[in-house]
Amino acid sequence: MRNEVACDNAAARRSAAPEAPLREVLARYWGYEDFLPLQREAMASVLAGRDSLVVLPTGGGKSLCFQAPALLMDGTAVVVSPLISLMKDQVDALAANGVPAGCLHSAQAPEEHHEVVARARRGELKLLYAAPERLVMPSFLEFLAAARVAFFAIDEAHCISHWGHDFRPEYRALRLLKERFPRAGVHAYTATATPRVRDDIVSELALRDPSVLVGTFDRPNLLYRVRPRERGAARFAQLEEALARHRGRSGIVYCITRKEVESVCAALAKRGFRVRPYHAGLDDDVRHRNQDAFSNDEIDIIVATVAFGMGIDKPDVRFVIHTGLPKSLECYQQESGRAGRDGLEAECTVFYGGGDYATWLLILGDGDGESARTQRRKLADMYAYATGVACRHRLLSEYFGQTLAGDDCGACDACLGEIVLMEDALVTGQKILCCVVRLQERFGAQYTAAVLTGAREAKIAANGHDRLSTHGLLKEHEEKQVRLWIDQLVSQGCLEKDEEWGTLKVTPLGWRVIRGQAAPRLIAPPAAAAPKAKRAAAALRSWDGVDRELFESLRALRLSLAKARDIPPYMVFGDATLRELARLKPETPEDFLAIHGIGERKNAEYGAIFRAHLTAWRAERRPAENPPA
Ligand code: ADP
Ligand code: ZN
C-alpha cells in the first residue's frame, strides 16, 4: 500500500495547514463536526494540487473529498460521473446544502443546459458534473479551456479498468485531461479495492506522482449473516422472517435471475410488503419509476438483480438481502455495501443453496480463458465465505488484503454465536470423506449425499453402491443437510471439487481428518441449533437514548417536507440527524445547528419547522410527565 502522503514530509506540512478552513466548510455547509478516515488527507491533496487516487469503501465519504475543497478554491471543479442519476443526485444534494453546482448531460432540456453553461461561464459554479463522453468533446474542451478549472475529480474511477467490475470504454479517453490541462490536478475516486485496478487507474489517467490513499474496507456498522436457503414455499417464510426485523425500513433484496425477482416480488407483495421489482428486462421508465419510488420512500423494498447498482446512493438502506449466492466477494462487498451508507447499523444477509454454484457456472459459461478461470475462482471464494463458519468481517477484510483487529467483531453470525457447530463433526466428516473414497472419487456432491442418506435410486442400485458400507451411514439426516456438510468440507479444504465435472476428491487435509489427525467444523442441523445469540453491539449503540416515538414522528415530518419539495426524504435530513434530534431534543437555534448533519442552509430552510415540531412534542408530553398533584 503506498500511502505516500503519510511518508512525505512536505506533503504532510501542506496537509496540516488547510485543516481549519476545511473544518469550517464541513460544519457550515454539511453540519459535520469531523472528517471521516482519510478525508482530511484526500482533501489536502486536492488543495495542494497533487494528483491523487482515493480508495474508500462505499459510504466512506468520497464525494466530500472533492466537494469540500472545491469551496475553498478559485474556479470550478469538474466532476466526471458515469450516470445521469448519480450526477443529478449529487447536484441536488449540494444545492440543498447551499453549494452552487450544476450538471450537463444528454437528457437535459436545452434551456437548462444553456443556463448551466452560462452560470459556469460567469464563474458561479463551484462544481460542474459531466459524463466522460462529454468531457472529451472538442467543444466542451474549448469551453473548459476558457473557464477556470480548479481541478478534475473522476468518480467511480474503476470504470477505466478492464479488471474492474464495471468497465466503461468511454472512461479511457480521460487520459487526455492530463495532456490538455497539465496544470490542473486530477483526482480519482473508487471503492474497488484490488491492486490491479488501482494501478490501472493511475496509469490510464496518467496521474503524476499521485498520493494514493487506501481506506479500511471493513464496514463495522454492517451486520453480516449467511443462512442456507430453505426450499419451496418455506424459503419465502424464511425471507419474510428476515424482513420482519426491518418493517417500514428501506432495503434491497437481490436475486440472481429476473425470474426470481418477479417471483420473490410477487410473494412479498402478497404478504403485505411495499415492494417493486427492478431488472434489465423492464422498460426504462418502469425501472426509473421504481427506483424513484424507492429513493422517495414510497416503497420500502426493491427486489432486483444486480442491474440495480451504481446509481443508488440512498444513505438509509437498512438491509441488503441476497436470496442467492453473489458472484464474487468483490460483488458482494459492492452490493452489501449499499446498506448503511449513513454509518448507522444495517444488516446484510445471504441465503444460499448448493444449486446457486451451478447456476452461476451456467451464467458465466464454461470459457477456458484466463478471465473465465478467474471468475470461477472468485465464485469459489464466495462460496467458501458462505459455507464458512469464521468471522465474516475478518474474511472480507482478509480477502481485500487487510487485517482486522480484535477477535470478536460483534456484528456477524459467527461472532454473535448464531452459528452452532456440531459436536461430533469429526465423526460425521469422516463418514462423508470415507464415502467419497469408497465411490473412488468419481461422483459429485449430490450423488454422494444420496448414497450417504441411503437413497435407493435406480442409478445407485445399478452401480451397486447400495451395497457399500457407507450407504445409509447418515440416513438419520436429510440429503440437503448432507450436501451442506459436503460444501463445508469443500470450503475448509478437506474435499476438492473438480471444476469441470464437480466430482469430489479427498485432499491431503481430508486424509488427515480420516486418520483423526484434524477435525473439520460443521454447522449443526437447524433443529439442534438453538442459537444463544448475543445482541449485536453496533445495533444497540446507535439507538442509545433515542426516543423512538419521536423519531417516527420526525420521519413523518421529513417525508411530508420532501414530498412538498419533490426531493428524496434523505435530502431533507439523514436518519443519523433524525436520531440525534430524537435523542437530544434541542430547544434553542444554537443547539439545533450543533446537531450532526445540519449546516447553515438546512438550518435556515428547516430549522424553524423542526423546532416547532419538537416544541409541540414536548408540550403534548408535559402533562403526562408531570401529572397534576
Ligand atoms: P461514498 O461516495 O464514498 O460511498 P458518500 O460520499 O456518499 O460516500 O458519503 C456517505 C455518507 O457519509 C453520506 O451520507 C455523507 O453525507 C456522509 N459523510 C461524508 N463525510 C462525512 C463526514 N465528514 N462526517 C459525517 N458524515 C459524512
Ligand atoms: Zn465476526
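Just so you know, ligand 1 is whichever comes first in the structure, and atom 1 is the first atom listed for that ligand. A quick note: this is a predicted structure, and the numbers were derived from the prediction, not measured. Counting begins at 1 with the first residue of the sequence.
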Legend entry - Which residue and heavy atom of the protein sit nearest atom 9 (O) of ligand 1, plus the separation: Gly61 CA, 3.4 Å
Legend entry - Identity and separation of the nearest protein heavy atom to atom 11 (C) of ligand 1: Arg341 O, 3.4 Å
Inset, instruction - Could you check which of Arg338, Lys314, Gln39 puts a non-hydrogen atom nearest to atom 20 (N) of ligand 1? - result: Gln39
Legend entry - cation_pi(Arg287, Tyr278) dist<6.0 Å, angle<=45: yes
Legend entry - 4.0 Å heavy-atom contact, Asp313 with ligand 1: no
Inset, instruction - Considering the heavy atoms of Gly59, write down every atom of ligand 1 situated less than 4.0 Å from one of them. - result: 1 (P), 3 (O), 4 (O), 8 (O), 10 (C)
Legend entry - Test of ring centre spacing under 6.0 Å for Tyr399 and Tyr385: no
Inset, instruction - Please verify whether a non-hydrogen atom of Gly574 lies at under 4.0 Å from ligand 1. - result: no
Inset, instruction - Please identify which atoms of ligand 1 are closer than 4.0 Å to at least one heavy atom of Tyr32. - result: 15 (C), 16 (O), 17 (C), 18 (N), 19 (C), 20 (N), 21 (C), 22 (C), 23 (N), 24 (N), 25 (C), 26 (N), 27 (C)
Inset, instruction - Starting from atom 25 (C) of ligand 1, locate the nearest protein heavy atom and write down its residue, its atom name and how far away it is, to 0.1 Å. - result: His596 CE1, 3.4 Å
Inset, instruction - Say whether Leu64 and ligand 1 are in contact under the criterion: heavy-atom distance to a ligand atom below 4.0 Å. - result: yes
Inset, instruction - Return yes when Gly597 approaches ligand 1 closer than 4.0 angstrom through a heavy atom, no otherwise. - result: no
Inset, instruction - May I ask you to check whether Leu26 has an N/O atom sitting below 3.5 Å from an N/O atom of ligand 1? - result: no
Legend entry - Pair Arg219 + Glu347: basic N to acidic O under 4.0 Å: no
Legend entry - Per-atom contacts of ligand 1 with Pro57, taking only distances under 4.0 Å to non-hydrogen atoms: 3 (O)
Inset, instruction - Could you tell me which atoms of ligand 1, counted from 1 in the order shown, lie closer than 4.0 angstrom to a heavy atom of Ser63? - result: 2 (O), 5 (P), 6 (O), 7 (O)
Legend entry - Ion pair Glu345/Arg579, N-O distance below 4.0 Å: yes
Inset, instruction - Report yes or no: does a heavy atom of Asp34 sit under 4.0 Å from some atom of ligand 1? - result: yes
Inset, instruction - Taking all heavy atoms of Met43 and all of Pro69, pick out the closest pair and write down the distance. - result: CG-CD, 3.8 Å
Legend entry - Thr58 neighbourhood, listing ligand 1 atoms whose heavy-atom distance to it stays under 4.0 Å: 4 (O)
Inset, instruction - Please say whether Lys62 places an N or O atom under 3.5 Å from an N or O atom belonging to ligand 1. - result: yes
Legend entry - Leu489 CG to Leu522 CG distance, which is reported to the nearest 0.5 Å: 5.0 Å
Inset, instruction - Verify the neighbour count for atom NZ of Lys585: are there more than 12 heavy atoms of other residues, nucleotides or ligands below 6.0 Å? - result: yes
Legend entry - Nearest-0.5 Å distance that lies between atom NZ in Lys314 and atom CG in Asp297: 3.5 Å
Legend entry - Glu24 atom CD, over 12 foreign heavy atoms within 6.0 Å: no
Inset, instruction - Specify whether the nearest protein heavy atom to atom 17 (C) of ligand 1 is under 4.0 angstrom away. - result: yes
Inset, instruction - Tell me, please: is Glu33 in heavy-atom contact with ligand 1, that is, under 4.0 Å? - result: no
Inset, instruction - Could you tell me the residue and atom name of the protein heavy atom closest to atom 14 (O) of ligand 1, and the distance to it rounded to 0.1 Å? - result: Pro315 CB, 4.0 Å
Inset, instruction - Could you walk me through whether Lys602 and Glu605 pass salt bridge (charged side-chain N to carboxylate O under 4.0 Å, His left out), step by step? - result: CA-CA 5 Å; Lys602 289 201 177 162; Glu605 172 134 24; over 6 Å; no
Legend entry - Heavy atoms from other residues, nucleotides or ligands near CG of Asp34 exceed 12 (cutoff 6.0 Å): yes
Inset, instruction - For the Zn ion (ligand 2), decide whether Cys415 has an N, O or S atom at a distance under 2.8 Å. - result: yes
Legend entry - Ring centroid separation Phe152 to His187 under 6.0 Å: no
